[in-house]
Every structure is written in structure tokens, then in C-alpha cells.
Amino acid sequence: MYYHEAQGAIPQPMRALALALAALAAGGAAALALAAAPAVSVSHGFAMHGDLKYGPGFAHFEYVNPRAPKGGEVRLAAIGTFDSLNPFILKGIPAAGLGEVFDTLTVGAADEPFSQYGLVAETIETPADRSWVAFTLRRGARFHDGSPITADDVVWTFETLKRKGHPFYRAYYRHVLRAEKAGERRVKFVFERGDNRELPLIVGQMPVLSRAYWAGRDFEKTTLEPPLGSGPYRVETVEPGRSITYRRVRDYWGAGLPVNVGRDNFDVIRYDYYRDTTVALEAFKAGHYDFRQENVAKHWATAYTGPAVSQGLIRREEIPHEVPTGMQGYVFNERRPLFRDRRVRWALAHAFDFEWTNKHLFYGAYTRTRSYFSNSELAARGLPSPEELRVLEPLRGLVPEEVFTREYVPPTTDGSGNIRENLRIALDLLRQAGWQVRGQRLVDAQGRPFEFEILGNDPSFERVHLPFVRNLERLGIVARVRTVDSAQYQTRLDTFDFDMTVAVWGQSLSPGNEQRDFWHSESADVPGSRNLAGIKDPAVDRLVELVIQAPDRPSLVARTRALDRVLLWGHHVIPHWHIRAWRVAYWDKFARPAVAPKYALGFDTWWVDPAKDAELQRRRGALQR
């Protein structure tokens with residue numbers, strides 16, 4: 001996993017997973033209106049709640065330039081390493097950008113909370129109770145070798161991902177009973193009976209793989225062989241662990257579809273890998289790549305200097321967004337006996353001084369996170385509303401009493417570095433939990449010291465860890481910081497071999513099945529799951545199911561806020577911070593649409609401006625002379 005100083009989502013290897021973990025969608029006029037729905041509805045798209053924004057026959061999304069020129073090369077950076085071009089399994093570290101190789105049945109709109117429009121699928125058919133969904137495939141849909149995408153490919157993909165793919169798929173498709181070929185170009189997915197109303201959209205996010213291609217290959221093994229896909233890009237060259245280059249498919253079958261018009265404009269996309277963020281930043285300023293999102297406040301405030309910046313060759317912008325910022329924080333591994341007591345976890349939260357950190361390390365750039373669904377209407381605020389209480393009351397006695405009586409606020413300070421009062425509260429909580437100070441060391445009843453390790457993979461984050469460690473020392477706690485390489489880090493996360501680490505849970509405006517992978521008991525012991533804390537709580541399980549089963553938007557909001565409260569008062573993390581804008585820096589060769597999407601950066605809608613690119617090359621040459 002690669003996290004940033006600021007909020008961010010865990011990178012996923014394909015568009016489908018990205019939609020599941022970050023900005024998902026719902027909206028406007030041609031979706032299924034259940035109150036007046038026919039027995040079966042057939043549409044070009046599907047919305048989770050309400051209507052679709054884009055009706056039948058729409059020309060393109062509003063946040064693209066349909067006349068954007070194709071061409072040019074963009075060089076990007078990735079951190080760490082990679083050893084696989086198979087992004088669908090637990091083994092290995094997949095290369096950045098592989099999602100551009102594989103098309104999905106449907107694609108989301110980045111200006112709606114949760115809606116899907118046909119990509120490989122031409123039409124979407126479903127009954128009012130959403131007990132199944134059927135997709136009719138487009139006649140022209142094909143893989144890069146020219147072979148058509150068939151119903152057999154879709155069925156095989158579903159069965160293979162669920163049986164052999166990353167454990168995420170088994171959890172995500174848990175309530176999908178089967179996929180069946182229902183015609184030459186028609187595939188039907190049948191669901192378990194229940195109230196999971198997002199299943200038609202979830203299935204639509206599935207990438208479609210070639211059954212024939214994989215027939216002679218082991219799906220469960222890592223590989224560096226460029227895969228056969230059907231998307232707008234194919235793998236051109238690979239330097240294992242160092243770089244990967246994609247080239248736009250000139251005869252891409254889906255280029256003219258409304259969902260693709262104005263997107264995927266670069267001819268070549270190259271990712272170069274760097275050891276850490278500091279090295280990557282210096283490489284950017286030296287002109288080794290073209291575009292970066294900046295997630296370190298100190299870098300943003302002080303590091304963008306030099307002739308290329310002062311003369312305008314490098315541009316910096318903060319682009320506001322409405323993306324839920326989710327949760328980043330120190331996560332406790334509650335599988336460890338040390339962290340099983342909620343009072344201990346709350347005590348340690350008092351030793352983290354966000355206000356001092358923000359003032360002295362981040363130049364005041366960030367807002368403290370107080371919700372797992374921050375920057376959205378889904379975030380819990382104040383005391384529970386009547387609608388939330390109807391959800392929470394059956395759980396009284398199973399959840400902390402503070403859920404009903406107090407608004408969650410993380411421990412705060414005045415930013416001066418004096419946290420004596422917070423440490424006093426922390427020590428009192430630790431004593432209640434059976435810990436005591438002996439000879440300036442915190443020990444349990446058997447005299448065993450309170451010691452643990454903070455695991456990371458980014459050396460630049462040590463400046464955040466070390467002041468926290470010093471505050472813990474004042475409580476008699478020994479915390480050690482251990483920074484490892486990306487491969488070892490990912491392996492240790494997958495096997496839950498850590499005491500504490502920094503984790504990021506990206507959220508969407510329409511949370512659903514992915515919440516099981518984040519918080520549910522059934523995912524706590526599944527290698528590779530995102531339930532890093534190891535939460536096994538019947539009340540959380542029940543709330544996750546209620547979120548998934550929400551019949552309408554008001555219910556979803558109330559149930560998600562209730563889940564938020566219970567997670568917060570469970571003290572599973574020490575919340576960090578977030579920012580409500582994309583901080584981007586780029587060499588001045590790009591243009592972008594006049595309208596930005598609400599729920600994504602939308603870099604795939606940018607393009608290389610030939611005139612700007614030529615002028616940039618001229619000015620860079622003059623600068624170097």
C-alpha cells in the first residue's frame with residue numbers, strides 16, 4: 001500500500017475497484033423509479049437511488065471536451081516497485097495503470113454520486129426488486145487481438161474472480177449466486193434474496209477478461225507477460241520494478257461511445273518508479289516526469305522552487321472537489337492483545353498532537369478528520385438524529401454509551417506542544433485498563449512493558465511518527481518506528497503482521513458492499529482484506545448490513561451516520577487529517593475541460609496541447625543552455 005501525508009485512497013488495479021473504494025455515483029431522469037417501475041426495465045444506465053443525469057442518446061459527459069485532440073506522451077511517477085501484470089490476485093504487486101487495459105461492463109459518471117452507464121454492455125435490464133440483472137453486450141466490443149467479447153467471457157470472468165481472484169472479489173460478490181449465459185450476447189446475474197440494492201451496479205463494475213487467453217495460463221500466478229485486454233490502452237514495454245509504458249489503442253473499439261468521448265487522450269502513458277516521495281519530487285522538478293499530485297504539505301509550501309517554477313514552466317494548482325475524504329489514521333491491530341481494550345486505544349489517541357503537527361509540519365494545511373465519511377453528508381454530526389436513533393436503539397448495550405450521548409471529537413490541544421493534560425487523561429485510562437508505571441516504564445500486572453512497532457513504507461512520514469513516539473515515551477510506552485520497502489510492507493499488511501500502521505479507507509457517496517471488506521467480522525481473518533484493525537463486532541456487522549440494504553437515500557444517510565458513530569467510538573484508529581482540494585503540479589504542456597468533475601480529479605479528460613508542448617520544449621531548451 002502507498003499512502004500519502006494527506007488523505008487518499010488505496011490504489012486499486014482497475015477502474016472497477018476504484019469505483020468500489022472511492023468516488024462512486026447516483027443521480028437524474030432515465031433510471032429506475034421504483035414507485036412506478038414496470039416489472040422489468042431496460043435502460044442504457046442504472047442509478048443507485050433516484051434518476052440518471054444523462055438520458056438515452058446523450059453525446060458525452062459534461063466534464064469532458066469532446067473535441068480534445070489525441071496525441072502526446074505523459075510521464076507519471078509511482079512509488080516503490082512492482083512485480084506483476086496480473087492485478088486480479090493477492091500475490092505480487094501489480095504495476096500502476098493496469099486498469100486502463102481492461103474494460104468493464106459499465107462505467108460510472110464522475111459527476112453523480114453512484115450511477116453506471118453501459119460500456120461493454122449496451123443495455124441493462126433488471127426487475128423492480130433488483131433480484132437479478134442482465135446485460136446485453138455490444139456487437140462491436142472486442143479484445144485487442146480482434147476477438148469478440150462474448151457472454152462466455154463474462155461468465156468465465158465472474159466465476160474465476162470469485163474462485164481464484166483476490167479475496168476482495170469473494171466478499172464483493174458474496175450475494176451474487178451465479179452468472180449465466182442467457183443468449184448470444186446476453187448475460188444474467190442472479191442474486192441471493194435480500195435487500196442489497198446495489199448489486200446490479202456492483203456487477204456492472206466487473207472487468208471482462210478473455211476466456212480463450214487465460215485457457216493456457218495459470219490465473220493464480222504473477223506474470224510479467226503483457227495481458228490481453230479490451231480497454232483504451234495496451235502494455236507496450238515493461239522494465240520490471242522500474243517502469244511500465246502504455247500505448248493508446250488506435251482502433252479501440254469503444255472510442256466513440258458517449259461514456260468515452262473526450263477521455264483517454266494521451267497516446268503514451270509511462271510510469272517510472274521511485275524509491276520514495278522525496279526522490280520523486282526532485283525527479284519531477286528536474287523534468288523527468290510531467291504531472292504529480294502533491295500530498296506533502298511541506299513540499300507544497302516550500303519545495304517548489306527553482307527557475308522552472310519561477311518562470312512558469314511548472315504550474316501549481318489547488319482544484320476543489322466534493323469527494324468524500326474518508327479516513328486516514330493510525331490503525332491499531334486489535335488481533336494483538338495489547339490493543340484489545342478500547343480504553344487503551346483511546347488513551348493512545350491522547351498522545352497524538354494534531355494541532356502541533358499541523359502547525360509545525362504541515363503549515364496549517366489540513367483539517368482534522370472526525371468521521372470515516374468526512375467531506376460528505378454521510379458524516380455523523382452532533383448527537384444522533386431521530387432517524388439515526390431508530391437504527392441505533394436496537395443496539396443499545398452492544399455499542400459504547402457515548403454513541404447516544406456525545407458527539408465524537410478527537411483529543412485536541414492548543415498547538416503549543418504542551419499536552420500535559422491530555423497525557424494525564426491517557427494515564428488515567430491506562431490505569432483503568434490495568435496498566436501502571438514502574439520505574440518510568442508502563443507495565444501490566446505481570447510486569448510486561450507496553451511496547452509496540454509503528455510500521456511504514458515512506459521515510460518522509462517518520463517526521464510525523466517521531467513526535468508521537470516522544471509523547472508516548474512520556475507515558476512510559478516504548479514505540480519503535482520501522483520503515484520497510486513496499487513489497488515487504490504490502491506482504492505484512494496482507495498477513496496482518498503489524499502492531500500499528502497508517503491506513504487509508506477511501507469512501508464514496510454511496511457506501512455498500514465494500515464496507516464488509518473494511519469492518520465486518522467475516523473479513524477480519526481473510527488475508528488481503530481491508531479490515532486491518534481486525535474488527536469483530538456484532539453491532540458493526542449489523543450496521544454494515546443495514547447500510548448495504550438501505551432502500552433509499554435518506555435511509556442510506558441515516559444508517560451510514562449510525563455506522564460512523566459506532567466506528568468512531570470504537571477507537572479503532574487515531575484519526576489524521578484531510579484536505580478538500582487536489583493539489584497538482586505539472587509541466588505546462590496540458591489543457592483540460594472548462595468543467596471539472598465533482599467526484600474525481602479527471603486527469604483522463606486532460607490532453608497535451610501541441611502549441612503549449614512546443615513552447616515548453618523551446619523554453620526548457622533555453623533554460624538548460
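Being a predicted model, the structure only gives us computed values, none of them experimental.
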Report task. With rounding to the nearest 0.5 Å, note down the distance linking CZ in R482 to OG1 in T501. Result -> 12.5 Å
Query raised in the report: Does the distance from a Lys or Arg side-chain N to an Asp or Glu carboxylate O, for R263 and D604, drop under 4.0 Å?
Result: yes
Query raised in the report: Just by distance, do the side chain of R368 and the backbone of P411 share a donor-acceptor pair under 3.5 Å?
Result: yes
Report task. Starting at CD of E514, measure out to CH2 of W505 and round the result to the nearest 0.5 Å. Result -> 14.0 Å
Query raised in the report: Do T483 and E462 get their side chains close enough for a donor-acceptor pair, meaning under 3.5 Å?
Result: yes
Query - Nearest atoms (heavy-atom pairs only) where G417 meets D414 - result: N-OD1, 4.4 Å
Requested in this report: Identify the heavy atoms of V573 and Y372 that sit nearest to each other, and give their distance.
Outcome: CG2-OH, 3.4 Å
Report summary line: The single option from R292, R583, R592 that satisfies salt bridge (Lys or Arg N to Asp or Glu O under 4.0 Å) with E317 is R592
Query - Minimum heavy-atom distance I79-A280, with the two atoms named - result: CD1-CB, 3.9 Å
**Report entry** Pairwise side-chain contact, V249 with R234, heavy-atom cut-off 4.5 Å (strictly under)
**Finding:** yes
Report task. Determine whether more than 12 heavy atoms belonging to other residues, nucleotides or ligands lie under 6.0 Å from atom CZ of R275. Result -> no
Query raised in the report: Counting distance only, does the side-chain N/O of H44 pair as donor-acceptor with the main-chain N or O of Y54 below 3.5 Å?
Result: yes
Requested in this report: Please check if the distance between the ring centroids of F143 and W253 is under 6.0 Å.
Outcome: no
Query - Minimum heavy-atom distance D272-S243, with the two atoms named - result: OD1-CB, 3.2 Å
Query raised in the report: Any luck finding a side-chain donor-acceptor pair between D267 and Y246 under 3.5 Å?
Result: no
Query raised in the report: Given V208 and L105, is the side-chain contact (heavy atoms from CB on, under 4.5 Å) satisfied, shown in steps?
Result: CA-CA 7 Å; V208 183; L105 288 166; 4.0 Å; yes
Query raised in the report: Is S371 reaching over with its side chain to a backbone N or O of F373, donor-acceptor style, under 3.5 angstrom?
Result: yes
**Report entry** Under 3.5 Å: donor-acceptor pair, side chain of N513, backbone of Y172
**Finding:** yes
Query raised in the report: If you measure from CG on D264 to CZ on R248, what distance do you get to the nearest 0.5 Å?
Result: 8.5 Å
Query raised in the report: Hey, does V502 have a side-chain heavy atom less than 4.5 Å from the side chain of Q328?
Result: yes
Query raised in the report: Have H578 and T367 got a donor and an acceptor in their side chains that come within less than 3.5 Å?
Result: no
Requested in this report: Indicate whether any N or O donor in one side chain lies under 3.5 Å from an N or O acceptor in the other, for Y408 and D564.
Outcome: no
Report task. Could you tell me whether a side-chain N or O of W587 sits under 3.5 Å from a main-chain N or O of F284, the two making a donor and an acceptor? Result -> yes
Report task. Nearest 0.5 Å please: distance from the CD atom of Q205 over to the OG1 atom of T104. Result -> 8.0 Å
Requested in this report: Spell out, as yes or no, whether a donor-acceptor pair under 3.5 Å connects the side chain of Y304 to the backbone of A585.
Outcome: no
Requested in this report: State, yes or no, whether a side-chain contact exists between W582 and N295 at a heavy-atom distance under 4.5 Å.
Outcome: no
Query raised in the report: For residues E239 and Y273, is any side-chain donor paired with an opposing acceptor at under 3.5 Å?
Result: no
Query raised in the report: Can you check whether D458 reaches T277 side chain to side chain, under 4.5 Å on heavy atoms?
Result: yes
**Report entry** Pairs flagged by side-chain hydrogen bond (donor to acceptor under 3.5 Å, both in side chains) wherever residues 69-97 is involved - sequence neighbours left out
**Finding:** K70-N265, R75-D290
Query raised in the report: Side-chain contact, heavy-atom cut-off 4.5 Å: S115 with M48?
Result: no
**Report entry** Short side-chain to backbone donor-acceptor contact, R620 and G287, under 3.5 Å
**Finding:** yes
Requested in this report: Apply side-chain contact (heavy atoms from CB on, under 4.5 Å) to R580 and E322, showing your working.
Outcome: CA-CA 7 Å; R580 298 183 177 94; E322 299 180 33; over 6 Å; no
Query raised in the report: Side chains of T369 and S374: is there a donor and an acceptor less than 3.5 Å apart?
Result: no
Query raised in the report: When you check the gap from the basic side-chain N to the acidic O, do R247 and E236 get nearer than 4.0 Å?
Result: yes
Query raised in the report: Do the side chain of Y63 and the main chain of A110 share a donor and acceptor less than 3.5 angstrom apart?
Result: yes
Query raised in the report: Just wondering, do L601 and I319 contact through their side chains at under 4.5 Å, heavy atoms?
Result: yes
Requested in this report: Provide the closest heavy-atom pair for P66 versus H60 in the form atom of the first, atom of the second, distance.
Outcome: CG-NE2, 3.6 Å
Query - Within 6.0 angstrom of R242 CZ, more than 12 heavy atoms from elsewhere - result: no
Report summary line: Y117 meets the side-chain hydrogen bond (donor to acceptor under 3.5 Å, both in side chains) criterion, sequence neighbours left out, with E112
Query - Heavy-atom donor-acceptor pair, N260 side chain to A255 backbone, under 3.5 Å - result: no
Query raised in the report: Taking the six-membered ring for Trp, are the ring centroids of F603 and F266 within less than 6.0 Å of each other?
Result: yes
Query raised in the report: Counting distance only, does the side-chain N/O of E318 pair as donor-acceptor with the main-chain N or O of A581 below 3.5 Å?
Result: no
Query raised in the report: If you measure from OH on Y586 to CG on L616, what distance do you get to the nearest 0.5 Å?
Result: 12.0 Å
**Report entry** D494 bridged to R492 by N-O distance under 4.0 Å
**Finding:** no
Report summary line: Of all heavy-atom pairs linking L201 and A47, the shortest is CD2-C, 4.2 Å
Query raised in the report: Do D588 and R619 meet the salt-bridge criterion of a basic N to acidic O distance under 4.0 Å?
Result: no
Query raised in the report: Knowing that exactly one of V261, T605, V259 qualifies, which makes a side chain to side chain contact (heavy atoms under 4.5 Å, CB included) with F61?
Result: V259
**Report entry** Pairing of E615 and R618 as salt bridge, 4.0 angstrom limit
**Finding:** yes
Query raised in the report: For the atom pair CG (L119) and OG (S230), what is the distance rounded to the nearest 0.5 Å?
Result: 7.5 Å
Query raised in the report: Do the side chains of F461 and V481 get nearer than 4.5 Å, heavy atoms only?
Result: no
Query raised in the report: Does a side-chain heavy-atom distance below 4.5 Å link L209 with F88?
Result: yes
Query - Y330/H576 under ring-ring contact (aromatic ring centres under 6.0 Å, His included): CA gap, chis, key distance, verdict - result: CA-CA 7 Å; Y330 287 115; H576 279 181; 4.6 Å; yes
Query raised in the report: Do NZ/NE/NH1/NH2 and the carboxylate oxygens of K598 and D111 come within less than 4.0 Å?
Result: no
Query raised in the report: After noting the C-alpha distance and the side-chain angles of E198 and Q116, does the key distance pass the side-chain hydrogen bond (donor to acceptor under 3.5 Å, both in side chains) rule?
Result: CA-CA 11 Å; E198 72 171 359; Q116 294 285 299; over 6 Å; no
